[in-house]
Amino acid sequence: MVGTSVLYQNNFLIPQEDYSKIPEFDYALKEQECISLMKRSKNLRDFKQVHGHIVKLGLFWSSFCASNLVATCALSDWGSMDYACSIFHEIDDPGTFEFNTIIRGLIKEMNLDEALYMYLEMLEAGVEPDNFTYPAILKACALLKVRNEGMQIHGHVVKFGLEEDTFVQNSLINIYGKCGEMRDSCAVFEQMDHKTIASWSAIISAHANLGMWSECLRIFGDMNSEGCWRAEESVLVSVLSACTHLGELDLGRCIHCYLVRNLSGLNVIVETSLIDVYLKCGCLEKGLCLFERMANKNQMSYSVIISGLALHGCGQEALKVFSQMLEEGMEPDDVTCVGVLSACSHAGLVKEGLKWFDTMRFEHGIEPTIQHYGCMVDLMGRAGMLNEALELIKSMPMEPNDVLWRSLLGSCKVHSNVELAEVAAKNLFQPNSHNASDYLTLSNLYAKAQKWQDVAFTRTRLAEEGLNQEPGSSSVEVKRKVFKFVSQDKSHPQCEGVYEMLHQMEWQLKFEGYSPDTSQVLMDVDEEEKRQRLSTHSQKLAIAFALIHTSQHSHIRIVRNVRMCSDCHVYTKLISTIYEREITVRDRNRFHHFKNGTCSCGD
DNA sequence: CTAGGGTTAG
């Protein structure tokens, strides 16, 4: 406390031996000076000097000085909770403010249990909590995700008449959201008289956290119509995430424009979210372009771009970016590795996939999760290594889920392995799993093997389970409207034109040497009907419609609910040449980019 | 008298 004190250098305090000689010592002034000095402390050492002086000057017993000491020490970046607590315990009769600051300090250093304990002590000491106590204590509950305590404290809020406080309400929205109690969260939100940006932020991120994407966008819409539309990055990031999951490319684009117009620069989180929107909505180039221009890339940005490239079938490029990431000294985590393995799987890079699966475990110490196993089963299945895939499933330390069995079943269909398919199906058709498409996969596999009896049996079982398969459909966006087609669709008002176009397209295709691959129609019907069914697959209708209604050379984007058949694949490749169109088709798994007669998936 | 709410991406 002696030596080169900052206090003496700044001449803020008279040395102790002098001040006692001044008869009319102004305590109020000294108090102010001490506090101003305290607030300017840059480290604990400075602070301790001020503390010492306050004690020496006899100012500690002014509760205002003492509480400021506690607050400053508990809440400053250089502060120390131990020291703050020791000051706190020196105070005879701590009040609301002192308890509040200690609670906040504890939360700041994530000592959440202790914060809750302090709150209890506060109540026991008969100190009444106020509108500052609850935002803090509710935050602690939210971080701990303790629903019951949260509800109890909500009771206290009502008891102390604080339920009208905006700050408290925002905190309540947040804690209920974090605990998944959306009814309660929304109830608080809707009762609010004065919603602030923080209220919107809390309710939107709560929905985003639970994957309630449509709700998320609906509330965002309400926020805009109530005129609360501000460049609030955290809100927009949640909304962008919703866009990604819902395939809302247009809204994503709007937000991108808005951000660029209204902010001087984008941070890494916003940029990563934007890239994810573009990649997952089919705009590979746009996403890549943003990625390349990023000033700061982190682990997540790399993860996004790697799994995005995987989604588009660009396995080699994904691996290239991955090695770039490693070169930059960034450690991959489990999510990054899912991206890498799925890139290998989508691009058929079997050797690389097997290698990375080992490297991940033995060089990066990442324990494979069920998702990693999923990628490997896909990868092996695609390559026809069906027995190996089954062995891998059996060797897993965890219970295989239906995703794995479904993947194996799908591969068995591709490689016509009835025997293994039945193993997969047996595991898949559990009492509580009702998935019509699994039955259909199996039935189609039997059909391909001409086992009509088994087809009939499977179909009967499907019927017995009372399952209805959603029909395969293709949607295409024309002039900002989405048009959906199903196979043999005649419901569309302009369907005559579509069928005429289809006819014209077939003519052109014949010149290019296309002949319909009727083996894709897995039904026991005659050749002519097969041909007819094949030619009116939903994807072909959607393409015909888009060719009529969009300008020349414009990009056609189609979204499918199931995977496309190989005939549609060949067909679309040829159409992309004949009509000089780029066509992007998103199926359940990934994107296919058709351009000049080839597809990005490499067949 | 002092202080505070929501914080987001794969």
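As a basis for the values below, the full set of heavy atoms in this structure was taken, side chains included, without hydrogen atoms, waters or symmetry mates.
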Cut-off 3.5 Å, no hydrogens considered: what does the side-chain donor-acceptor table look like for residues 130-148 of chain A, sequence neighbours left out?
residue	atom	partner	partner atom	Å
Asp130(A)	OD1	Asn100(A)	ND2	3.0
Asp130(A)	OD1	Phe132(A)	N	2.9
Asp130(A)	OD1	Thr133(A)	N	3.1
Asp130(A)	OD1	Thr133(A)	OG1	3.0
Thr133(A)	OG1	Asn100(A)	OD1	2.7
Thr133(A)	OG1	Asp130(A)	N	2.9
Thr133(A)	OG1	Asp130(A)	O	3.3
Tyr134(A)	OH	Tyr119(A)	OH	2.7
Arg147(A)	NH1	Glu181(A)	OE2	3.2

Test item: Ser407(A) side-chain N/O and Val403(A) main-chain N/O as donor-acceptor pair under 3.5 Å: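 Absent.
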
Look at all strands and tell whether [X] reaches a base, only sugar-phosphate, or nothing, counting heavy atoms closer than 4.0 Å.
X         : answer
Ser199(A) : nothing
Ser301(A) : nothing
Lys195(A) : nothing
Ser241(A) : sugar-phosphate

Which nucleotide in the list [options] gets nearest to the side chain of [X]?
X         : options                 : answer
Val304(A) : dT7(B), dG10(B), dA3(B) : dG10(B)
Pro135(A) : dG5(B), dT7(B), dG10(B) : dG5(B)
Arg104(A) : dA9(B), dG5(B), dA3(B)  : dA3(B)
Phe97(A)  : dG6(B), dA3(B), dG5(B)  : dA3(B)
Asn174(A) : dT2(B), dT7(B), dG5(B)  : dT7(B)
Ser201(A) : dG10(B), dG6(B), dG5(B) : dG6(B)
Asp276(A) : dG5(B), dG10(B), dT7(B) : dG10(B)
Phe64(A)  : dG6(B), dA9(B), dT2(B)  : dT2(B)
Ser234(A) : dT7(B), dA9(B), dG5(B)  : dT7(B)
Asp333(A) : dG10(B), dA3(B), dA9(B) : dG10(B)

Between the side-chain atoms of [X] and the base atoms of [N], is any donor-acceptor pair under 3.5 Å?
X         : N      : answer
Asn100(A) : dA3(B) : yes
Ser171(A) : dG5(B) : no
Asn170(A) : dG5(B) : yes
Glu232(A) : dG6(B) : yes

Distance check needed: [N] [atom2] versus [X] [atom1], whole Å only.
X         : N       : atom1 : atom2 : result
Leu309(A) : dG10(B) : CG    : C1'   : 13 Å
Lys297(A) : dA9(B)  : NZ    : P     : 22 Å
Leu143(A) : dT7(B)  : CG    : C1'   : 12 Å
Met223(A) : dG6(B)  : CE    : P     : 17 Å
Leu75(A)  : dG4(B)  : CG    : P     : 7 Å
Leu236(A) : dG6(B)  : CG    : P     : 19 Å
Ile103(A) : dT2(B)  : CD1   : C1'   : 16 Å
Ile87(A)  : dT2(B)  : CD1   : P     : 20 Å

Whether Phe167(A) stacks on the six-membered ring of dG4(B) base, 5.5 Å and 30° limits: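 Phe167(A) ring centre within cut-off of dG4(B) base, planes near parallel; stacks.
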
Ring-base stacking, Phe132(A) with dA3(B) (5.5 Å, 30° cut-offs): yes

Between CD on residue Glu317(A) and OG on residue Ser600(A), distance to nearest 0.5 Å: 10.0 Å

Rounded distance (nearest 0.5 Å) linking atom SG of Cys243(A) with atom CZ of Arg253(A):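 It is 11.5 Å, given to the nearest 0.5 Å.
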
His51(A) side chain near Ile87(A) side chain, heavy-atom distance below 4.5 Å: yes

Does [N] have its OP1 or OP2 closer than 4.0 Å to a side-chain nitrogen or oxygen of [X]?
X         : N      : answer
Lys178(A) : dT7(B) : yes
Thr133(A) : dG4(B) : no
His207(A) : dT8(B) : no

Asp333(A) versus Thr336(A), side-chain donor and acceptor atoms under 3.5 Å: yes

Donor on one side chain, acceptor on other, Thr196(A) and Ser199(A), under 3.5 Å: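 There is such a pair between these side chains.
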
